[in-house]
Asker: 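What follows is a single structure, and I will ask about it in a moment.
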Amino acid sequence: MAKIVYGVAGEGSGHSSRAREIASHLRDQGHDLWLVSYDRGYRNLKDDFRVFETEGLCIASEDNKVSVVKTFTENLKRFPEGHRRLQELRDDLFKQFDPDFVITDFEPMTAYLAHHYEIPLITIDNQHRMRYVEYDCPSGWELENQVTKSIIRAMIPRPTVSLVTTFFFGDVRNDRTFLFPPILRSEVLSLHSEPGDHLLVYVTSDFDSLLQQPSSFEREQFCVYGYDRSDQDGPLQFKPFSKDGFLRDLATAKAVIATAGFTLISEALYLKKPYLALPMQGQFEQQLNGFQLSQLGYGKSVDEVQPESIGDFLYRIPDFETKLSEYTAGDNSGIKSKLDELLADDGALLRQHYQARQ
(Lines give C-alpha, C1' and ligand atoms only; values in the text may rest on other atoms or scores of the structure.)
Protein backbone atom coordinates (compact mmCIF):
# COMPACT_ATOMS: atom_id res chain seq x y z
CA MET A 1 0.00 0.00 0.00
CA ALA A 2 1.08 3.58 -0.66
CA LYS A 3 2.07 6.46 1.59
CA ILE A 4 -0.10 9.42 0.56
CA VAL A 5 -0.21 13.11 1.48
CA TYR A 6 -3.65 14.58 0.77
CA GLY A 7 -3.96 18.38 0.70
CA VAL A 8 -7.42 19.87 1.26
CA ALA A 9 -8.38 23.52 0.76
CA GLY A 10 -9.85 24.87 3.98
CA GLU A 11 -12.23 27.57 2.69
CA GLY A 12 -15.87 26.56 3.20
CA SER A 13 -16.95 22.98 3.81
CA GLY A 14 -17.15 21.64 0.27
CA HIS A 15 -13.53 20.59 -0.07
CA SER A 16 -13.42 18.84 3.30
CA SER A 17 -16.71 16.99 2.80
CA ARG A 18 -15.43 15.72 -0.55
CA ALA A 19 -12.06 14.80 0.96
CA ARG A 20 -13.73 12.92 3.81
CA GLU A 21 -15.35 10.51 1.35
CA ILE A 22 -12.13 9.95 -0.61
CA ALA A 23 -9.82 9.77 2.42
CA SER A 24 -12.11 7.25 4.15
CA HIS A 25 -11.97 5.08 1.03
CA LEU A 26 -8.18 5.31 0.82
CA ARG A 27 -7.85 4.40 4.48
CA ASP A 28 -10.20 1.43 4.02
CA GLN A 29 -7.99 0.27 1.15
CA GLY A 30 -5.05 0.19 3.56
CA HIS A 31 -3.10 3.24 2.39
CA ASP A 32 -1.00 5.20 4.90
CA LEU A 33 -2.52 8.67 4.89
CA TRP A 34 -1.69 12.17 6.11
CA LEU A 35 -4.14 15.00 5.38
CA VAL A 36 -3.08 18.64 5.19
CA SER A 37 -5.60 21.46 5.64
CA TYR A 38 -6.45 24.72 7.44
CA ASP A 39 -9.39 26.76 8.78
CA ARG A 40 -12.72 24.96 8.42
CA GLY A 41 -11.17 22.06 6.52
CA TYR A 42 -8.84 21.33 9.42
CA ARG A 43 -11.64 21.61 11.98
CA ASN A 44 -13.92 19.31 9.97
CA LEU A 45 -11.32 16.56 9.52
CA LYS A 46 -8.99 16.60 12.53
CA ASP A 47 -11.10 14.35 14.78
CA ASP A 48 -11.23 11.48 12.28
CA PHE A 49 -7.90 11.62 10.41
CA ARG A 50 -4.27 12.50 10.91
CA VAL A 51 -4.23 16.12 9.78
CA PHE A 52 -1.31 18.51 9.53
CA GLU A 53 -2.55 22.06 10.10
CA THR A 54 -1.15 24.46 7.55
CA GLU A 55 -2.00 28.04 6.52
CA GLY A 56 -4.09 28.90 3.48
CA LEU A 57 -5.63 31.60 1.37
CA CYS A 58 -9.05 33.12 2.00
CA ILE A 59 -11.60 35.15 0.05
CA ALA A 60 -13.25 38.04 1.89
CA SER A 61 -16.66 39.28 0.75
CA GLU A 62 -19.27 41.91 1.52
CA ASP A 63 -22.92 41.52 0.50
CA ASN A 64 -22.04 38.66 -1.91
CA LYS A 65 -19.21 40.58 -3.59
CA VAL A 66 -15.52 39.76 -3.35
CA SER A 67 -13.71 42.51 -1.47
CA VAL A 68 -10.35 42.89 -3.19
CA VAL A 69 -8.93 45.06 -0.41
CA LYS A 70 -10.02 42.77 2.42
CA THR A 71 -8.92 39.66 0.54
CA PHE A 72 -5.48 41.17 -0.09
CA THR A 73 -4.96 42.39 3.48
CA GLU A 74 -6.20 39.17 5.08
CA ASN A 75 -3.89 37.03 2.96
CA LEU A 76 -0.98 39.39 3.45
CA LYS A 77 -1.34 38.95 7.23
CA ARG A 78 -1.22 35.18 6.76
CA PHE A 79 1.99 35.20 4.73
CA PRO A 80 4.60 34.93 7.55
CA GLU A 81 2.75 32.05 9.21
CA GLY A 82 2.19 30.45 5.82
CA HIS A 83 5.92 30.47 5.08
CA ARG A 84 6.70 28.92 8.45
CA ARG A 85 4.10 26.19 8.01
CA LEU A 86 5.41 25.44 4.53
CA GLN A 87 8.84 24.73 5.97
CA GLU A 88 7.35 22.48 8.65
CA LEU A 89 5.25 20.66 6.07
CA ARG A 90 8.36 20.06 4.01
CA ASP A 91 10.41 18.80 6.96
CA ASP A 92 7.74 16.82 8.85
CA LEU A 93 5.86 15.18 6.01
CA PHE A 94 7.74 15.37 2.74
CA LYS A 95 11.14 14.51 4.23
CA GLN A 96 10.25 12.29 7.20
CA PHE A 97 6.99 10.65 6.04
CA ASP A 98 8.37 10.57 2.46
CA PRO A 99 5.10 10.05 0.53
CA ASP A 100 4.87 7.92 -2.59
CA PHE A 101 2.08 10.05 -4.03
CA VAL A 102 0.31 13.34 -3.37
CA ILE A 103 -3.37 14.15 -3.81
CA THR A 104 -4.67 17.69 -3.62
CA ASP A 105 -8.13 19.17 -3.48
CA PHE A 106 -6.98 22.64 -4.53
CA GLU A 107 -4.48 22.99 -1.68
CA PRO A 108 -1.35 24.64 -3.14
CA MET A 109 1.38 23.84 -0.57
CA THR A 110 1.13 20.07 -1.06
CA ALA A 111 0.96 20.57 -4.84
CA TYR A 112 4.06 22.79 -4.81
CA LEU A 113 6.06 20.29 -2.74
CA ALA A 114 4.95 17.40 -4.95
CA HIS A 115 6.30 19.31 -7.93
CA HIS A 116 9.52 20.22 -6.07
CA TYR A 117 10.24 16.64 -4.98
CA GLU A 118 9.08 15.11 -8.30
CA ILE A 119 6.24 13.09 -6.75
CA PRO A 120 3.23 12.09 -8.90
CA LEU A 121 0.30 14.38 -8.13
CA ILE A 122 -3.43 13.68 -8.46
CA THR A 123 -5.93 16.53 -8.32
CA ILE A 124 -9.47 15.78 -7.14
CA ASP A 125 -11.62 18.91 -7.40
CA ASN A 126 -14.06 20.83 -9.56
CA GLN A 127 -11.67 23.73 -10.20
CA HIS A 128 -9.63 21.92 -12.84
CA ARG A 129 -12.60 21.74 -15.18
CA MET A 130 -11.82 25.41 -15.84
CA ARG A 131 -8.34 24.44 -17.02
CA TYR A 132 -8.84 21.09 -18.72
CA VAL A 133 -12.47 20.93 -19.93
CA GLU A 134 -14.06 22.73 -22.88
CA TYR A 135 -17.00 24.99 -21.99
CA ASP A 136 -18.78 28.15 -23.08
CA CYS A 137 -17.66 31.22 -21.17
CA PRO A 138 -20.34 33.48 -19.67
CA SER A 139 -20.66 36.66 -21.72
CA GLY A 140 -18.52 39.49 -20.41
CA TRP A 141 -16.32 37.21 -18.30
CA GLU A 142 -13.64 36.33 -20.86
CA LEU A 143 -10.84 38.16 -19.03
CA GLU A 144 -11.78 36.65 -15.66
CA ASN A 145 -11.87 33.25 -17.34
CA GLN A 146 -8.27 33.57 -18.51
CA VAL A 147 -7.11 35.02 -15.17
CA THR A 148 -8.74 32.12 -13.29
CA LYS A 149 -7.01 29.56 -15.49
CA SER A 150 -3.67 31.26 -14.82
CA ILE A 151 -4.32 31.24 -11.05
CA ILE A 152 -5.16 27.51 -11.12
CA ARG A 153 -1.98 26.82 -13.11
CA ALA A 154 0.08 28.82 -10.60
CA MET A 155 -1.49 27.21 -7.51
CA ILE A 156 -1.35 23.60 -8.77
CA PRO A 157 1.69 23.23 -11.05
CA ARG A 158 1.81 20.31 -13.50
CA PRO A 159 -0.61 17.73 -12.02
CA THR A 160 0.02 14.19 -13.20
CA VAL A 161 -3.66 13.23 -13.41
CA SER A 162 -6.78 15.32 -12.78
CA LEU A 163 -9.97 13.67 -11.54
CA VAL A 164 -12.51 16.41 -12.20
CA THR A 165 -15.93 16.48 -10.54
CA THR A 166 -18.63 18.26 -12.53
CA PHE A 167 -22.34 18.38 -13.30
CA PHE A 168 -21.60 19.77 -16.79
CA PHE A 169 -19.72 17.33 -19.01
CA GLY A 170 -17.64 18.73 -21.88
CA ASP A 171 -14.68 17.54 -23.96
CA VAL A 172 -11.39 17.19 -22.10
CA ARG A 173 -8.19 18.79 -23.39
CA ASN A 174 -5.77 15.95 -22.61
CA ASP A 175 -5.64 12.24 -21.84
CA ARG A 176 -4.76 12.85 -18.16
CA THR A 177 -8.13 14.36 -17.25
CA PHE A 178 -11.12 12.23 -16.27
CA LEU A 179 -14.62 13.51 -15.53
CA PHE A 180 -16.93 12.24 -12.79
CA PRO A 181 -20.22 13.31 -11.22
CA PRO A 182 -19.89 15.43 -8.06
CA ILE A 183 -18.69 13.62 -4.93
CA LEU A 184 -21.57 13.51 -2.47
CA ARG A 185 -21.22 13.03 1.26
CA SER A 186 -22.79 9.89 2.67
CA GLU A 187 -25.39 11.89 4.62
CA VAL A 188 -26.72 13.30 1.34
CA LEU A 189 -26.68 9.95 -0.45
CA SER A 190 -28.91 8.57 2.30
CA LEU A 191 -31.55 11.30 1.88
CA HIS A 192 -34.87 10.81 0.10
CA SER A 193 -36.22 13.82 -1.73
CA GLU A 194 -39.76 14.80 -0.76
CA PRO A 195 -42.05 17.53 -2.10
CA GLY A 196 -42.34 20.51 0.22
CA ASP A 197 -43.76 24.02 0.47
CA HIS A 198 -40.75 26.01 1.67
CA LEU A 199 -37.81 27.50 -0.22
CA LEU A 200 -34.42 26.85 1.33
CA VAL A 201 -32.27 29.98 1.42
CA TYR A 202 -28.58 29.60 2.24
CA VAL A 203 -25.86 32.23 2.37
CA THR A 204 -22.42 31.94 3.95
CA SER A 205 -21.98 35.58 4.96
CA ASP A 206 -24.05 38.72 5.45
CA PHE A 207 -26.05 39.10 2.25
CA ASP A 208 -28.48 41.78 3.38
CA SER A 209 -29.71 42.77 -0.08
CA LEU A 210 -31.06 39.23 -0.57
CA LEU A 211 -33.17 39.33 2.59
CA GLN A 212 -34.91 42.51 1.47
CA GLN A 213 -36.55 40.76 -1.50
CA PRO A 214 -38.66 37.82 -0.18
CA SER A 215 -40.94 40.17 1.80
CA SER A 216 -42.82 40.68 -1.48
CA PHE A 217 -43.85 37.02 -1.43
CA GLU A 218 -45.98 36.69 1.70
CA ARG A 219 -47.58 33.45 0.50
CA GLU A 220 -44.20 31.72 0.34
CA GLN A 221 -42.17 30.33 3.22
CA PHE A 222 -38.42 30.98 3.14
CA CYS A 223 -36.30 28.83 5.41
CA VAL A 224 -33.07 30.82 5.93
CA TYR A 225 -29.70 29.40 7.04
CA GLY A 226 -26.42 31.23 7.46
CA TYR A 227 -27.33 34.10 9.79
CA ASP A 228 -27.06 32.38 13.18
CA ARG A 229 -30.59 33.46 14.02
CA SER A 230 -33.65 31.62 15.28
CA ASP A 231 -36.71 33.81 14.70
CA GLN A 232 -39.47 34.65 12.24
CA ASP A 233 -39.58 37.84 10.17
CA GLY A 234 -42.60 37.85 7.86
CA PRO A 235 -42.15 35.01 5.36
CA LEU A 236 -38.55 34.48 6.51
CA GLN A 237 -37.96 31.73 9.08
CA PHE A 238 -34.37 31.96 10.33
CA LYS A 239 -32.75 28.76 11.60
CA PRO A 240 -29.43 28.29 13.44
CA PHE A 241 -26.80 25.98 11.99
CA SER A 242 -27.64 22.30 12.25
CA LYS A 243 -26.28 19.78 9.78
CA ASP A 244 -29.18 17.37 10.27
CA GLY A 245 -31.75 20.15 10.25
CA PHE A 246 -30.28 21.72 7.14
CA LEU A 247 -30.23 18.43 5.23
CA ARG A 248 -33.80 17.67 6.28
CA ASP A 249 -34.94 21.10 5.06
CA LEU A 250 -32.99 20.62 1.82
CA ALA A 251 -34.59 17.23 1.16
CA THR A 252 -38.10 18.63 1.70
CA ALA A 253 -37.66 22.00 0.00
CA LYS A 254 -39.66 23.14 -3.01
CA ALA A 255 -36.52 24.81 -4.35
CA VAL A 256 -33.22 26.39 -3.28
CA ILE A 257 -32.07 30.02 -3.35
CA ALA A 258 -28.37 30.40 -2.57
CA THR A 259 -24.97 31.51 -3.74
CA ALA A 260 -23.51 29.47 -6.58
CA GLY A 261 -21.18 27.21 -4.61
CA PHE A 262 -20.45 23.92 -6.33
CA THR A 263 -21.21 21.64 -3.37
CA LEU A 264 -24.71 22.89 -2.57
CA ILE A 265 -25.65 22.98 -6.25
CA SER A 266 -24.50 19.36 -6.55
CA GLU A 267 -26.53 18.29 -3.52
CA ALA A 268 -29.62 20.13 -4.77
CA LEU A 269 -29.31 18.48 -8.19
CA TYR A 270 -29.00 15.04 -6.56
CA LEU A 271 -32.27 15.72 -4.73
CA LYS A 272 -33.75 17.26 -7.92
CA LYS A 273 -34.41 20.66 -6.37
CA PRO A 274 -34.64 23.68 -8.73
CA TYR A 275 -31.94 26.23 -7.90
CA LEU A 276 -31.85 30.02 -8.06
CA ALA A 277 -28.11 30.77 -8.11
CA LEU A 278 -26.71 34.08 -6.90
CA PRO A 279 -23.04 33.98 -7.92
CA MET A 280 -20.62 35.90 -5.76
CA GLN A 281 -19.58 38.92 -7.77
CA GLY A 282 -15.90 38.85 -8.61
CA GLN A 283 -15.57 35.06 -8.38
CA PHE A 284 -15.48 33.46 -11.82
CA GLU A 285 -16.05 29.89 -10.64
CA GLN A 286 -19.42 30.80 -9.15
CA GLN A 287 -20.33 32.69 -12.31
CA LEU A 288 -19.55 29.55 -14.32
CA ASN A 289 -21.52 27.33 -11.93
CA GLY A 290 -24.61 29.51 -12.28
CA PHE A 291 -24.19 29.86 -16.04
CA GLN A 292 -23.94 26.09 -16.58
CA LEU A 293 -26.87 25.47 -14.24
CA SER A 294 -28.97 27.75 -16.45
CA GLN A 295 -27.65 26.14 -19.64
CA LEU A 296 -28.82 22.74 -18.43
CA GLY A 297 -32.25 24.07 -17.47
CA TYR A 298 -31.96 22.99 -13.81
CA GLY A 299 -32.46 26.49 -12.48
CA LYS A 300 -31.65 30.13 -13.02
CA SER A 301 -28.67 32.37 -12.32
CA VAL A 302 -28.92 36.11 -11.61
CA ASP A 303 -26.21 38.64 -10.83
CA GLU A 304 -28.51 40.94 -8.87
CA VAL A 305 -31.51 39.55 -7.00
CA GLN A 306 -34.76 41.45 -7.47
CA PRO A 307 -38.41 40.57 -6.75
CA GLU A 308 -38.90 40.08 -10.50
CA SER A 309 -36.14 37.49 -10.71
CA ILE A 310 -37.51 35.57 -7.72
CA GLY A 311 -41.02 35.70 -9.19
CA ASP A 312 -39.80 34.42 -12.55
CA PHE A 313 -37.92 31.60 -10.84
CA LEU A 314 -40.99 30.56 -8.83
CA TYR A 315 -43.12 30.61 -11.97
CA ARG A 316 -40.68 28.35 -13.83
CA ILE A 317 -40.21 25.74 -11.09
CA PRO A 318 -42.32 23.14 -12.96
CA ASP A 319 -40.08 23.54 -16.04
CA PHE A 320 -36.95 23.12 -13.94
CA GLU A 321 -38.41 20.01 -12.29
CA THR A 322 -39.05 18.48 -15.71
CA LYS A 323 -35.40 18.97 -16.72
CA LEU A 324 -34.17 17.71 -13.35
CA SER A 325 -36.09 14.47 -13.80
CA GLU A 326 -33.49 13.64 -16.49
CA TYR A 327 -30.49 14.33 -14.21
CA THR A 328 -28.53 11.25 -13.18
CA ALA A 329 -26.35 11.63 -10.10
CA GLY A 330 -23.38 9.45 -9.24
CA ASP A 331 -22.74 7.51 -6.04
CA ASN A 332 -18.97 8.20 -5.78
CA SER A 333 -18.14 4.69 -7.01
CA GLY A 334 -16.71 5.79 -10.36
CA ILE A 335 -14.08 8.17 -9.03
CA LYS A 336 -13.10 5.73 -6.27
CA SER A 337 -12.60 2.96 -8.83
CA LYS A 338 -10.43 5.24 -10.98
CA LEU A 339 -8.35 6.19 -7.96
CA ASP A 340 -7.86 2.51 -7.09
CA GLU A 341 -6.81 1.83 -10.69
CA LEU A 342 -4.22 4.62 -10.59
CA LEU A 343 -2.76 3.43 -7.27
CA ALA A 344 -2.77 -0.32 -8.00
CA ASP A 345 0.54 -2.17 -8.34
CA ASP A 346 2.51 0.52 -6.53
CA GLY A 347 0.90 3.22 -8.66
CA ALA A 348 2.06 1.70 -11.95
CA LEU A 349 -0.53 3.50 -14.09
CA LEU A 350 -0.04 6.78 -12.23
CA ARG A 351 3.72 6.52 -12.74
CA GLN A 352 3.16 5.94 -16.45
CA HIS A 353 1.14 9.14 -16.63
CA TYR A 354 3.88 10.91 -14.68
CA GLN A 355 6.60 9.83 -17.14
CA ALA A 356 4.45 10.86 -20.08
CA ARG A 357 3.79 14.24 -18.43
CA GLN A 358 7.53 14.79 -17.99
Side-chain angles (χ1 to χ4, degrees), residues 7 9-12 14-15 18 56-62 64-76 78-79 82 104-112 114-116 121-180 182 259-263 265-266 277-296 300-304 353 356-358:
E11 277 276 284
H15 298 277
R18 179 165 54 213
L57 303 176
C58 71
I59 296 176
S61 65
E62 293 179 345
N64 206 40
K65 296 179 181 178
V66 173
S67 171
V68 176
V69 174
K70 281 189 174 182
T71 297
F72 176 78
T73 55
E74 284 297 321
N75 287 306
L76 186 63
R78 293 177 179 220
F79 180 77
T104 185
D105 189 329
F106 213 58
E107 194 291 307
M109 286 190 183
T110 49
Y112 167 78
H115 178 62
H116 179 76
L121 172 67
I122 301 172
T123 65
I124 300 178
D125 57 41
N126 56 284
Q127 280 79 14
H128 273 83
R129 78 192 194 277
M130 290 177 280
R131 185 176 175 190
Y132 292 142
V133 182
E134 299 289 347
Y135 57 84
D136 296 328
C137 178
S139 178
W141 286 83
E142 290 78 11
L143 176 59
E144 290 82 357
N145 183 22
Q146 294 304 317
V147 169
T148 299
K149 290 178 181 179
S150 297
I151 291 172
I152 295 171
R153 185 179 296 110
M155 290 183 65
I156 314 293
R158 296 181 64 82
T160 306
V161 170
S162 290
L163 307 185
V164 174
T165 59
T166 180
F167 57 82
F168 191 98
F169 288 78
D171 296 329
V172 296
R173 295 174 179 161
N174 58 54
D175 60 0
R176 300 173 289 99
T177 299
F178 305 91
L179 306 185
F180 300 92
T259 51
F262 181 80
T263 299
I265 289 179
S266 301
L278 312 171
M280 181 177 292
Q281 298 303 296
Q283 190 174 3
F284 176 74
E285 184 202 346
Q286 289 212 5
Q287 290 290 334
L288 182 63
N289 291 341
F291 177 72
Q292 293 181 336
L293 181 82
S294 297
Q295 277 188 306
L296 292 166
K300 179 179 178 177
S301 181
V302 295
D303 287 335
E304 185 175 353
H353 281 293
R357 182 77 160 102
Q358 296 302 95

Asker: Please find the pair of heavy atoms, one from P108 and one from I156, that lie closest to each other, and give the distance.
Answerer: CA-CD1, 4.1 Å
Asker: If we ignore hydrogens and angles and just use 3.5 Å, is the side chain of D125 paired with the main-chain N or O of H128 as donor and acceptor?
Answerer: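 Yes, D125 side chain to H128 backbone: donor-acceptor pair under 3.5 Å.
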Asker: At what distance, to the nearest 0.5 angstrom, does CZ of F169 lie from CD of Q292?
Answerer: 11.0 Å
Asker: Can you tell me if T104 uses its side chain to pair, donor with acceptor, with the backbone of E107 under 3.5 Å?
Answerer: yes
Asker: How close do G14 and T263 get, heavy atom to heavy atom, and via which atoms?
Answerer: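 Result for this residue pair: CA-OG1, 3.2 Å.
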Asker: Are side-chain heavy atoms of L288 and R129 found at a separation under 4.5 Å?
Answerer: yes
Asker: Nearest 0.5 Å, what's the NZ-CG distance between K300 and L278?
Answerer: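 Here the rounded value is 10.5 Å.
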Asker: Measure the shortest side-chain to side-chain distance between V133 and T166 over non-hydrogen atoms and say whether it is less than 4.5 angstrom.
Answerer: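 The answer is no; the side chains never approach within 4.5 Å.
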Asker: With a 3.5 Å distance limit and no angle check, can you tell me whether R158 reaches the backbone of R357 through a side-chain donor-acceptor pair?
Answerer: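 Judged by distance alone, yes, a pair lies under 3.5 Å.
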Asker: Using the ring of each side chain (for Trp, its six-membered ring), is Y135 parallel, tilted or perpendicular to F284, with breaks at 30° and 60°?
Answerer: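 Taking F284 first and then Y135, their aromatic rings sit tilted (interplane angle of 30° to 60°).
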Asker: Do I152 and F106 come within less than 4.5 Å of each other through their side chains, counting heavy atoms only?
Answerer: yes
Asker: Has Q283 got a side-chain atom pairing as donor or acceptor with Q281's backbone, closer than 3.5 angstrom?
Answerer: no
Asker: Could you walk me through whether F167 and L296 pass side chain to side chain contact (heavy atoms under 4.5 Å, CB included), step by step?
Answerer: CA-CA 9 Å; F167 57 82; L296 292 166; 3.7 Å; yes
Asker: Identify the heavy atoms of L179 and G170 that sit nearest to each other, and give their distance.
Answerer: CD1-O, 3.3 Å
Asker: Just by modelled atom types, is the P182 backbone N or O under 3.5 Å from a matching donor or acceptor in the T165 side chain?
Answerer: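 No; judged by distance alone, with no hydrogens or angles, the pair does not exist.
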Asker: I need the F291 CZ to C137 SG distance, nearest 0.5 Å.
Answerer: 7.5 Å
Asker: Working to the nearest 0.5 angstrom, can you tell me the gap between F180 CZ and I124 CD1?
Answerer: 9.0 Å
Asker: Is there a donor-acceptor pair under 3.5 Å between the side chain of R153 and the backbone N or O of R131?
Answerer: no
Asker: Check whether any side-chain N or O of Q286 sits under 3.5 Å from a backbone N or O of M280 as a donor-acceptor pair, and report yes or no.
Answerer: yes
Asker: Is a side-chain donor or acceptor of N289 paired with a backbone partner of A260 at a separation under 3.5 angstrom?
Answerer: yes
Asker: Evaluate the side chain to side chain donor-acceptor pair (under 3.5 Å) criterion for residues Q287 and N145: first the C-alpha distance (whole Å), next the side-chain angles of each, then the deciding distance (0.1 Å), finally the verdict.
Answerer: CA-CA 10 Å; Q287 290 290 334; N145 183 22; over 6 Å; no
Asker: Would you say S301's side chain and S294's backbone share a donor-acceptor pair under 3.5 angstrom?
Answerer: no
Asker: Atom CG in L143, atom OG1 in T148: separation rounded to 0.5 Å?
Answerer: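 Going from CG on L143 over to OG1 on T148, the span is 9.0 Å.
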Asker: Evaluate side chain to side chain donor-acceptor pair (under 3.5 Å) for S162 paired with T123, printing each intermediate quantity in order.
Answerer: CA-CA 5 Å; S162 290; T123 65; 2.8 Å; yes
Asker: Find the distance between CG (N126) and CZ (R18) and round it off to the nearest 0.5 Å.
Answerer: 5.0 Å
Asker: Atom OH of residue position Y112 - does it have more than 12 heavy atoms of other residues, nucleotides or ligands inside 6.0 Å?
Answerer: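 Not buried by this count: 12 neighbours or fewer within 6.0 Å.
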